[in-house]
Participant: 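Got a structure for you, written out below as structure tokens; questions coming shortly.
Values reported hereafter were calculated over all heavy atoms of this structure, with side chains retained and with hydrogens, waters and symmetry mates removed. Start at 1 and go down the list; that is how both ligands and their atoms are numbered. The residues of the chain are indexed from 1 along the displayed sequence.
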Amino acid sequence: MEQRLEHATDALNALIEKRGNNFYPQFHLAAPAGWLNDPNGLIYHDGLYHAFYQHHPYSEDWGPMHWGHATSKDMVHWEHQPIALAPGDEFDKSGCFSGSAVSHEGKLYLFYTGHIWLGEEGDDSQVYESQCIAISEDGIHFEKKGTILQPPKGYMHFRDPKVWYQDGKWWMVVGARDEKDQGQVLLFSSETLFEEGQEWSNEYKVLGKTDDKNVFMWECPDFFPISHDNDFAIVFSPQGKRVEGYQYRNLFQTGSLIGKWSPKQSFDLHGDFIELDNGHDYYAPQSFETADGRRVSMGWMDMWNSPMPSKQEFWAGSFTLPREITFDKVKNRLRMVPIKEVEVLRQNKQTIEPTTLNHQSIKLMDDTPALELNLTLSLDSKAEKFGVWLGKGLEIFVDNQSNRLVINRHYPQYDISGSRSAPLPEGYKIELRIFIDSSSVEIFVNQGDLVFSTRYYADKDDRSLHLFAMGGDAQILAGEYWTLKSIY
Ligand code: FRU
């Protein structure tokens, strides 16, 4: 593996030399160059936060998957580390696919899927996937130990292990596709985390399965407690859901199911699948526990098969901001807000005085830098449409006719356009917390009631920021903004 890692590092360094910065994030984790998709192995270990990610260091396109690696003291500022895993061993011949990390007795354990194309490269109808392990003493260099869990009979697509410890045992959930091409999550357990030469038993329970006949696979399952009362959430990324009106418009989705679980009982669902994020670009998030016991999650802020104009700059793929996840018992759903640590990036605070916009727009700035913009808007406003414009291509607005909050992007030069929206929350006002980076926008509504993550690709001279109202009056009740320091 050493040689393969060296080779990959040389390739990555050559790409870093060429990397462009127009779309490169100022305050989100991205690969130093090349391709990135899912967050992997997010963990607090030995005084540091570790983030790994699906990585192709040889180009800006997806390819044989490596694990990239970064570390952080505060989950905001990240330092790139050497590539952690390179594929090519017998058990991970075609790729080191997604997985998770465990910190145990001073060592860092990575659980990942060894992916093998049995037919042509890219032919999804003939693959072999098993769960593998790699171990590190220093948190930087990993020794692969091979396969620890083989697919149970009848399962070919079997990937993305998430491992945790509870009630005296080790547990693992794995995303799967059964013989009838239906998405599932399988649950495994083991008395020991790892013993040389020994595998986990592949006896399993089906923890959850789709009730939608179109859904053929559940990717990247994450299963975690959300109360002290056996409430658990499964967050996963189903593939195959069909568009339903305003819903499920992205190629694939990510959402949660909530229920009661303990090692002695099966997962007792209460509630339906709810999308975690309403934007254009959100997939395969993973959560972990912080040093002080918060549940924090980061996702991949892109979507499979979407055009990614940053490829012109020899990189693709960004994480979302780290988001704290909490359980809203009343609404029986998860909420997500940026972790409080993100506030250290704020500088140059400006206040927007309460004002009424009447069929007009006001310009806040000509050239929007990395920015956090907080706005409180009255929902009693009469305007048909009011909110924020970022250049000509991006608008975020309250649509008073459909009663929805909308994000609309229009970059025909890149073949990217379309709206995403969600019903307006109840109440007479709406609070928007908007994070604008070089090519991404994240909107947190009413402290995490709704979240939107969307990539946008504005030309350099098309980054002005306006507040606007059309077809009547709109009241801005309060507003403030900060430019954000770069984390790099
Ligand atoms: C999700 C996913 C995972 C897989 C990885 C491959 O985006 O398809 O299921 O492990 O990406 O890069």
Participant: So is Asp160 close enough to ligand 1, meaning a heavy atom under 4.0 angstrom away?
Facilitator: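 Under 4.0 Å: yes for Asp160.
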Participant: Classify the ring geometry between Tyr488 and His80 as parallel (under 30°), tilted (30 to 60°) or perpendicular (over 60°).
Facilitator: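 Rings of Tyr488 and His80: parallel, under 30°.
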Participant: Between Tyr109 and His104, what is the ring plane arrangement, given parallel below 30°, perpendicular above 60°, and tilted in between?
Facilitator: tilted
Participant: Tell me, which protein residue and heavy-atom name are nearest atom 6 (C) of ligand 1, and how many Å apart are they?
Facilitator: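 Protein heavy atom with the smallest distance to atom 6 (C) of ligand 1: Gln54 OE1, 3.2 Å.
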Participant: With the threshold set at under 4.0 angstrom, would you say Phe252 reaches ligand 1 through any of its heavy atoms?
Facilitator: no
Participant: Quick one: which ligand 1 atoms are inside 4.0 Å of a heavy atom on Trp62?
Facilitator: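 So the answer, numbered in order with elements, is 12 (O).
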Participant: For Tyr24, does the six-membered ring have the charged nitrogen or CZ of Arg19 within the cation-pi criterion, i.e. under 6.0 angstrom from the centroid and within 45° of the normal?
Facilitator: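 Yes.
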Participant: Specify the protein heavy atom at minimum distance from atom 8 (O) of ligand 1: its residue, its atom name, and the distance to 0.1 Å.
Facilitator: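 The closest heavy atom on the protein side is Glu219 OE2, 2.7 Å.
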Participant: Does Lys162 qualify as a cation-pi partner of Trp164, given the criterion of NZ or CZ under 6.0 Å from the six-membered ring centre and within 45 degrees of its axis?
Facilitator: no
Participant: For ligand 1, which atoms sit closer than 4.0 Å to a heavy atom of Tyr283?
Facilitator: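 Those qualifying, in numeric order: 1 (C), 7 (O).
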Participant: Where is the nearest protein heavy atom to atom 2 (C) of ligand 1: which residue, which atom, and how far?
Facilitator: Asp38 OD2, 3.4 Å
Participant: Are any of the N/O atoms in Trp300 less than 3.5 Å from those in ligand 1?
Facilitator: no
Participant: Which of the numbered atoms in ligand 1 are below 4.0 angstrom from a heavy atom of Met65?
Facilitator: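 Selected atoms, number and element: 12 (O).
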Participant: Give the ring-plane orientation class for Phe52 versus Phe142, where under 30° counts as parallel, over 60° as perpendicular and anything between as tilted.
Facilitator: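 Answer is perpendicular, since the angle exceeds 60°.
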Participant: I want to know if ligand 1 touches Trp304 in the polar sense, i.e. an N/O pair below 3.5 angstrom.
Facilitator: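 By distance alone, the answer is yes.
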Participant: If we set the cut-off at 4.0 Å for heavy atoms, which region of Thr113 has an atom near ligand 1: side chain, backbone, both, or neither?
Facilitator: neither
Participant: Quick check, are the ring centers of Tyr128 and Phe97 under 6.0 angstrom apart?
Facilitator: no
Participant: Does the structure place the NZ or CZ of Arg404 under 6.0 Å from the centre of the six-membered ring of Tyr246, at an angle of no more than 45° from the ring's axis?
Facilitator: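 Checked: cation-pi criterion met.
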